[in-house]
Amino acid sequence: MSAHPRNAIRHLTPELERSIEQNPLLSIDTFLIPSPYIRDAGIAKDYEHSFVWVQEGEILGYILVYSDPDQKCFLIYKLVTSPFVRGAGIGTALGGHMVASIPREASVYLYVWEKQADSLEFFLNKGFHLGESLVYRNLIFRHLWGQASEILFKRKEESEQGPDKREEIGRTRHDARKTIRFLSHMVDMLSLDNCGRIIEDINRETTSLVNTLNSFRDSMSRVHEVNITELILERIVPYVGGSSIPCELRLKLQKTNQVVLGNYVDVSRAFINIVANSLEAIAASNRETGIMEIKIGEDQGTPYVRFRDNGIGMDEKRLVRGPEGIPLFVGKSTKARNEGEGLGTVQIFSTFGPDNITVDARPNRGCTWKISFSKPLLQSDPWYTRLERRFLEATHLQQSRPLTASSGYQEIVSYIWQTRKIEILLFDVILHFSAHQNIRTIFRSIFGYLVGETPESQLKEYIEGLRVDRPVMKEWLLETSQRVRSRWILIHAAGEGKNLGDAMLKSYGQALDNVIIFTLNPRTGAFYATDRKLAEHLDFAPYLGAEREKLLRGEFIGDVNSTEKPIFLGVWSVDSEEDLLKKLILLREGARTLIKTGVDRKKPLAFYQTTWIRHSRDINSDAITTFGEFAELPREELLRFSRDADDEVQGFILGRE
């Protein structure tokens, strides 16, 4: 959403308020806020200074305000946007419109639950001040206040972010090239004697490359706990061992299980950049024996990692720091052919900050990097705080009135959207077990419980045996699984005989940071879905009442009806010309089924490349159409969505499925 049309903002009316109450997109949140009268019993709902955002006939957000009789004091009771447009600036625009409509000398206040760190940050950045705490129904809320003239609802211009994004894509390109060069070298080393180890290393580095690219795609910088001892053993040691440059690696582990606060992908990329530069410096020195020493330790309670090599080093003049504390060599390649253009050192300093980096080097005597870290503290760990807040919100949702046989359609739809919110939390909780286990194995175990295949006692025993840095995560994993299971049972019972397909699929669109995959039975409309990192499409096939060749695999991100991103559909195999036509008919049936479940006919439709190709022709994975167009195609025109299969992949398995 690049611009905000003025006519998108309208006054809130009782009629619009009733529409909002019936809109599951605007009522799925728990609204953990005190009564509006907790501070002032004399205030009343103020429709004149409450507004909604209406675009193309759809309410995408609203701000509900209460005020005193003299209109000197205003309470922002609710500021809500649809999950599909969060980050688009609608909340900022509504808040700014409201503040602009009241006297400049008026005061504005609101209450935010202390666990909602992102909301606190949002309002503090707009000019609100932090007031006293309030305990309401055993929850602690923070009072935020400010004068209208102080409050600035400004939306950061997209142009301001341009250079950062260009710089980030440059760093991503640099890291991807480095990993690909390493993968190419490992392929050259492959032999009968070492195939097991090399294949494992290739799988690990391929996963790392995918994580790096996903990190850029998501444009998110999550801070969490990183076990740097495991990171070095799992990523750096194999990287040095797989290098063609002869080097003796020495590890010194003062701390054998050092956990610090950081971003796993960014820290991993930075360490790889340091080690890659060291290996190249060793090669340039022409020494008979290269030596690299990595030490993990603590200095007066501060964790650090030290990298030391006996490479070519550099002139001391290049270590001089500029006004921003960054040495002169950063961003300037020291290599003969300018490979990498110095982006590796930029990424290192960007990840850790100049205050946490010490570099010492001498010509022909090597180089030493020392990286200092912060220890993780519960109260300063953003990812943990956000996850804890979401878990507590899910607890609150579980306490809301459950569905019954007499529940109305709208009540069931809202319940489905709330359930999906808890499911998405479950996905993210599982992801935090990835440091020690295969998360796909964990998901399969939990999914078996969700569909009634695994008894609860067995699930409890399984979760208890998992490894995780924070034991409380086991409790969250079990309790969230139990909530999802109980809600699935209630939805199935209350929704029997009702057409709920629209809500069942669209509600997964709340997972704006997740790629959602699903496996669909186009005949019945039944499907199962999850985060792409947790499962393969085939994991769901046994539960959908048909053999694999009569099912479809699909994928989408965000709002199902957004015309900006397509839904992908695909099949597993194409065996012959007859089978190719059958699969295209199956895809057409899937498109028709999804339209019946509420997918917009204008929604773009794209196609997966077929996994097993045993024919000279395949479904055209470069083609794109709309659901409406493809659903109406006559049988004789379906083949225009086919093409010659690529010779080099014919007959091969193109995916792990």
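Computed from heavy atoms alone, side chains included, the values below leave out hydrogens, waters and symmetry copies. None of the values given here were measured: they were computed from a predicted structure.
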Working for side chain to side chain contact (heavy atoms under 4.5 Å, CB included), residues I33 and W113:
CA-CA 7 Å; I33 44 182; W113 182 31; over 6 Å; no

Kindly give the heavy-atom pair with the smallest separation between S481 and Y449, and that separation in Å.
O-CE2, 3.6 Å

In this structure, CZ of R470 is separated from NE2 of H432 (nearest 0.5 Å) by 10.0 Å

Using 0.5 Å steps for rounding, measure from the CZ atom of F349 to the CD1 atom of I371.
7.5 Å

Pairing of E15 and R10 as salt bridge, 4.0 angstrom limit:
no

I102 side chain near Q71 side chain, heavy-atom distance below 4.5 Å:
no

Under 3.5 Å, side chain of E555 to main-chain N/O of V515, donor-acceptor pair present?
no

Residues forming a side chain to side chain contact (heavy atoms under 4.5 Å, CB included) with K460, sequence neighbours excluded:
E456, L478, Q482

Can you tell me how far the CD atom of E423 sits from the CG atom of N514, to the nearest 0.5 Å?
11.5 Å

For E58, enumerate each residue passing the salt bridge (Lys or Arg N to Asp or Glu O under 4.0 Å) test, keeping only those at least two apart in sequence or located in another chain.
none

ring-ring contact (aromatic ring centres under 6.0 Å, His included) partners for F427, two or more places apart:
none

How far does NE2 of H11 sit from CG of D46, to the nearest 0.5 angstrom?
10.0 Å

From OG1 (T229) to CD1 (I296), nearest 0.5 Å:
4.0 Å

Can you check salt bridge (charged side-chain N to carboxylate O under 4.0 Å, His left out) on E21 and K78, steps first, answer last?
CA-CA 13 Å; E21 291 172 355; K78 292 181 182 179; over 6 Å; no

Check for a donor-acceptor pair, side chain of S507 on one end and backbone N or O of M504 on the other, with a separation under 3.5 Å.
yes

Stepwise ring-ring contact (aromatic ring centres under 6.0 Å, His included) test for Y528 and F447
CA-CA 10 Å; Y528 286 109; F447 184 75; 5.0 Å; yes

For residues E48 and F51, report the shortest heavy-atom separation together with the two atoms involved.
O-CZ, 3.7 Å

L60 and T81, any side-chain heavy atoms less than 4.5 Å apart:
no

Are any non-hydrogen side-chain atoms of I446 and L477 less than 4.5 angstrom apart?
yes

Side-chain donor/acceptor of S407 to backbone N/O of T404, under 3.5 Å:
yes

Applying salt bridge (Lys or Arg N to Asp or Glu O under 4.0 Å) as the test, list every pair that has at least one member in residues 65-76; sequence neighbours left out.
none

Please report the closest heavy-atom contact between L425 and A394, naming both atoms and the distance.
CD2-CB, 3.8 Å

Shortest non-hydrogen contact from A270 to F352?
CB-CE1, 3.4 Å

Tell me if the aromatic rings of Y508 and F518 count as close, with their centers under 6.0 Å from one another.
no

Say whether, by atom type as modelled, one donor and one acceptor occur between the side chain of Q347 and the main chain of D266 under 3.5 angstrom.
yes

Taking side chain as C-beta onward, heavy atoms only, is H97 less than 4.5 Å from I63?
no

Please enumerate all residues that pass salt bridge (Lys or Arg N to Asp or Glu O under 4.0 Å) together with E475, with sequence neighbours excluded.
none

Do the side chain of Q437 and the main chain of F433 share a donor and acceptor less than 3.5 angstrom apart?
yes

Decide yes or no for T358 and Y304: does some side-chain heavy atom of the first lie under 4.5 Å from some side-chain heavy atom of the second?
no

Rounded to the nearest 0.5 Å, what separation is found between the OG1 atom of T302 and the CD atom of E298?
7.5 Å

Give a yes or no on whether E461 atom CD has more than 12 heavy-atom contacts from other residues, nucleotides or ligands under 6.0 Å away.
no

Distance-only polar pair, side chains of Y47 and E17, donor-acceptor under 3.5 Å
yes

Six-ring centre of F271, R235 cation under 6.0 angstrom, axis tolerance 45°:
no

Tell me whether the rings of H129 and W145 are parallel (<30°), tilted (30 to 60°) or perpendicular (>60°).
tilted

L387 side chain near W476 side chain, heavy-atom distance below 4.5 Å:
yes

Nearest heavy atoms of I430 and L534, plus distance in Å:
CG2-CD2, 3.6 Å

Those residues at least two apart in sequence (or on a different chain) that pass ring-ring contact (aromatic ring centres under 6.0 Å, His included) with H436 are none

Testing K421, R390, K533 for salt bridge (charged side-chain N to carboxylate O under 4.0 Å, His left out) with D428, which one passes?
R390

Can you tell if the side chain of C73 reaches within under 4.5 Å of the side chain of D40, non-hydrogen atoms only?
no

Close side-chain approach of V99 and F74, heavy atoms under 4.5 Å:
no

Exceeds 12 heavy-atom contacts within 6.0 angstrom, atom CD1 of I140:
no

Relative to F128, does R142 satisfy both conditions: NZ or CZ under 6.0 angstrom from the six-membered ring centre, and within 45 degrees of the ring's axis?
no

Considering non-hydrogen atoms only, spot the tightest contact between V413 and A503 and give its length.
CG1-CB, 3.9 Å

Compute whether any side-chain donor of one residue and acceptor of the other, for E564 and S562, lie under 3.5 angstrom apart.
no

Any donor and acceptor pair, going by atom type alone, linking the side chain of K126 with main-chain N or O of I151 inside 3.5 Å?
no

